[in-house]
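Take a look at the structure set out below.
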There are 2 protein chains.
Amino acid sequence: MNYTNEILEECGLTSAQKILSGKWSMRIILFLLEKPMRFNEIQRLFPDITHATLTKQLRLLEDYGIVVRNVHSQIPPKVEYSLSDIGKKLKPILNSVMAWGDEYKEYQKDSTTFKHS
Amino acid sequence: MNYTNEILEECGLTSAQKILSGKWSMRIILFLLEKPMRFNEIQRLFPDITHATLTKQLRLLEDYGIVVRNVHSQIPPKVEYSLSDIGKKLKPILNSVMAWGDEYKEYQKDSTTFKHS
DNA sequence: AGCGTTAGTATGCAATTGGATACTGGAAAG
DNA sequence: CTTTCCAGTATCCAATTGCATACTAACGCT
């Protein structure tokens with residue numbers, strides 16, 4: 001064991017954890033990996049997210065440098081969201097997280113264990 | 001684009017997101033990947049986590065089926081935490097998350113961009 | 001004139017998450 | 001006889017996260 005808590009802070013795990021742990025972060029990034037999208041286009045993908053919440057999440061990802069916001073000065077406004085270079089590099093991670101999640105769900109289905117009451 | 005929000009729910013991304021997004025989840029799993037550990041042993045690794053919080057986090061991971069709790073009936077008590085099979089399969093994910101995070105930190109260091117005030 | 005479209009902001013609230021603190025109990029060490 | 005170690009539980013509080021709702025503004029369509 002070579003890690004200490006300080007080293008964990010220095011290494012990227014903690015930064016990555018903060019960025020990826022938002023409720024919508026991974027889902028948004030997953031879609032943006034396919035193509036840049038406009039605000040309402042993203043919102044249509046997630047019926048459960050409100051306008052204001054999506055704005056916040058996108059601003060957060062923008063502040064982290066994962067998402068790039070491209071404003072076209074038009075009326076009606078057009079704002080395109082895409083991934084930065086470092087954001088695009090999340091692709092293999094998201095793919096393996098999805099794959100793991102699928103396996104996990106299978107695993108859960110098979111098991112007869114229930115949560116302790 | 002083949003995903004809809006419903007498909008996202010069906011696919012494993014959402015489950016995985018819930019499990020991995022706890023503040024301490026990834027860090028705990030990272031250490032348990034190396035070897036099973038006792039409660040206090042884990043706590044010593046994280047000076048910032050309190051007793052009660054660690055208990056909660058471990059119970060959560062146990063409920064999710066990621067962590068296995070092995071109680072040895074002794075005085076003083078000895079409880080060993082280890083990873084389940086599906087938990088162990090998170091190893092490549094954690095490794096790539098760490099690698100990405102390191103790259104991200106480098107990226108941040110180099111860039112002269114600051115957050116918009 | 002009024003509605004829909006675009007991409008927001010502002011404000012307040014609810015839920016969830018995580019932390020602080022105090023308590024348990026039994027054995028061993030000093 | 002008191003303290004330490006072990007692994008907790010209980011309760012309450014603080015911070016963060018996410019949601020609901022109402023508002024803006026400029027243009028096109030009917």
Side-chain angles (χ1 to χ4, degrees), chain A residues 5 8-9 13-15 17-29 31-32 36-64 66-82 115-117, chain B residues 5 8-9 14-29 31-32 36-64 66-82 115-117:
Chain A
N5 194 50
L8 266 185
E9 295 297 328
L13 190 70
T14 304
S15 327
Q17 190 269 328
K18 281 180 195 150
I19 294 171
L20 295 176
S21 64
K23 178 169 174 184
W24 303 98
S25 312
M26 292 209 223
R27 292 188 261 216
I28 292 171
I29 294 166
F31 284 101
L32 288 183
M37 288 195 212
R38 300 180 62 172
F39 185 91
N40 279 7
E41 205 174 348
I42 299 173
Q43 206 193 348
R44 263 178 245 117
L45 295 170
F46 306 107
D48 296 345
I49 198 172
T50 65
H51 206 80
T53 303
L54 181 56
T55 302
K56 268 195 218 168
Q57 305 280 323
L58 285 169
R59 284 288 178 287
L60 240 185
L61 289 173
E62 197 194 350
D63 287 346
Y64 280 135
I66 308 300
V67 156
V68 177
R69 190 158 159 272
N70 194 337
V71 183
H72 304 254
S73 297
Q74 304 177 355
I75 296 290
K78 174 172 176 180
V79 180
E80 266 200 337
Y81 292 90
S82 56
K115 308 203 185 297
H116 56 67
S117 54
Chain B
N5 194 49
L8 267 186
E9 294 300 328
T14 305
S15 328
Q17 190 268 327
K18 281 181 195 149
I19 293 171
L20 295 176
S21 64
K23 177 168 174 186
W24 302 98
S25 311
M26 293 208 223
R27 291 188 262 216
I28 292 171
I29 294 166
F31 283 101
L32 289 183
M37 287 197 215
R38 302 180 62 172
F39 185 92
N40 279 6
E41 205 174 348
I42 299 173
Q43 206 194 348
R44 261 177 247 119
L45 295 171
F46 306 107
D48 296 345
I49 198 173
T50 65
H51 208 80
T53 302
L54 181 56
T55 302
K56 270 193 220 168
Q57 306 280 325
L58 286 170
R59 284 288 179 285
L60 239 185
L61 289 173
E62 196 194 348
D63 288 346
Y64 280 134
I66 309 299
V67 156
V68 177
R69 190 158 159 273
N70 194 336
V71 182
H72 304 253
S73 297
Q74 305 177 354
I75 297 287
K78 173 173 177 179
V79 180
E80 266 200 337
Y81 293 90
S82 55
K115 311 203 182 292
H116 57 67
S117 55

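Just so you know, these numbers use all the heavy atoms, side chains as well, and skip hydrogens, waters and symmetry mates. Every chain is numbered from 1 and lettered A, B, ... according to where its sequence line falls, protein lines coming before strand lines.
- A sub-4.0 Å separation between OP1 or OP2 of D:dG8 and a side-chain N or O of B:R59 is present.
- Between the CG atom of B:L54 and the P atom of C:dT17 there is a distance of 17 Å, rounded to whole Å.
- Look at CG on B:L58: it is 11 Å from C1' on D:dG8, rounded to the nearest Å.
- By the ring-ring contact (aromatic ring centres under 6.0 Å, His included) test, B:F39 is found to be paired with B:H51, residues two or more places apart in sequence or in another chain being considered.
- In this structure, the CD atom of B:Q74 is 12 Å from the P atom of C:dA28, given to the nearest Å.
- Every residue meeting the side-chain contact (heavy atoms from CB on, under 4.5 Å) condition with B:S15, not counting sequence neighbours, appears here in chain and number order: A:Y104, A:K105.
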Assign a letter to each nucleotide of nucleotides 16-26 of chain D from its 5' end: B, base within under 4.0 Å of a protein heavy atom; S, sugar-phosphate only; -, no contact. --BBBB----S
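- What you find for A:Q43 and A:T50 is that their closest heavy atoms are NE2-C, 3.9 Å.
- Contact of the B:V71 side chain with the B:P77 side chain is not registered, since no non-hydrogen atoms from C-beta on lie closer than 4.5 Å.
- Note: NZ (B:K78) to P (C:dA28) measures 16 Å, nearest angstrom.
- One atom, CE of B:M37, and another, C1' of D:dA7, lie 17 Å apart when rounded to the nearest Å.
- For the pair B:R44 and D:dC6, the criterion of a side-chain N or O lying under 4.0 Å from OP1 or OP2 is met.
- Side-chain N/O atoms of A:R38 include none lying less than 4.0 angstrom from OP1 or OP2 on C:dT6.
- With sequence neighbours excluded, no residue satisfies side-chain contact (heavy atoms from CB on, under 4.5 Å) with A:K56.
- Distances were taken from every side-chain heavy atom of A:N40 (C-beta onward) to each of C:dA7, D:dG8, C:dG8; the shortest belongs to C:dA7.
- When rounded to the nearest whole Å, the span between NE2 of A:H72 and P of D:dC27 equals 19 Å.
- Atom CZ of B:F39 and atom C1' of D:dC5 are 13 Å apart (whole Å).
- If you take CD of A:E80 and P of C:dG8, they are 12 Å apart, rounded to a whole angstrom.
- For A:L60, the side-chain contact (heavy atoms from CB on, under 4.5 Å) partners two or more places apart in sequence, or in a different chain, are A:Y64.
- With sequence neighbours left out, the salt bridge (Lys or Arg N to Asp or Glu O under 4.0 Å) criterion links B:E41 to B:K35.
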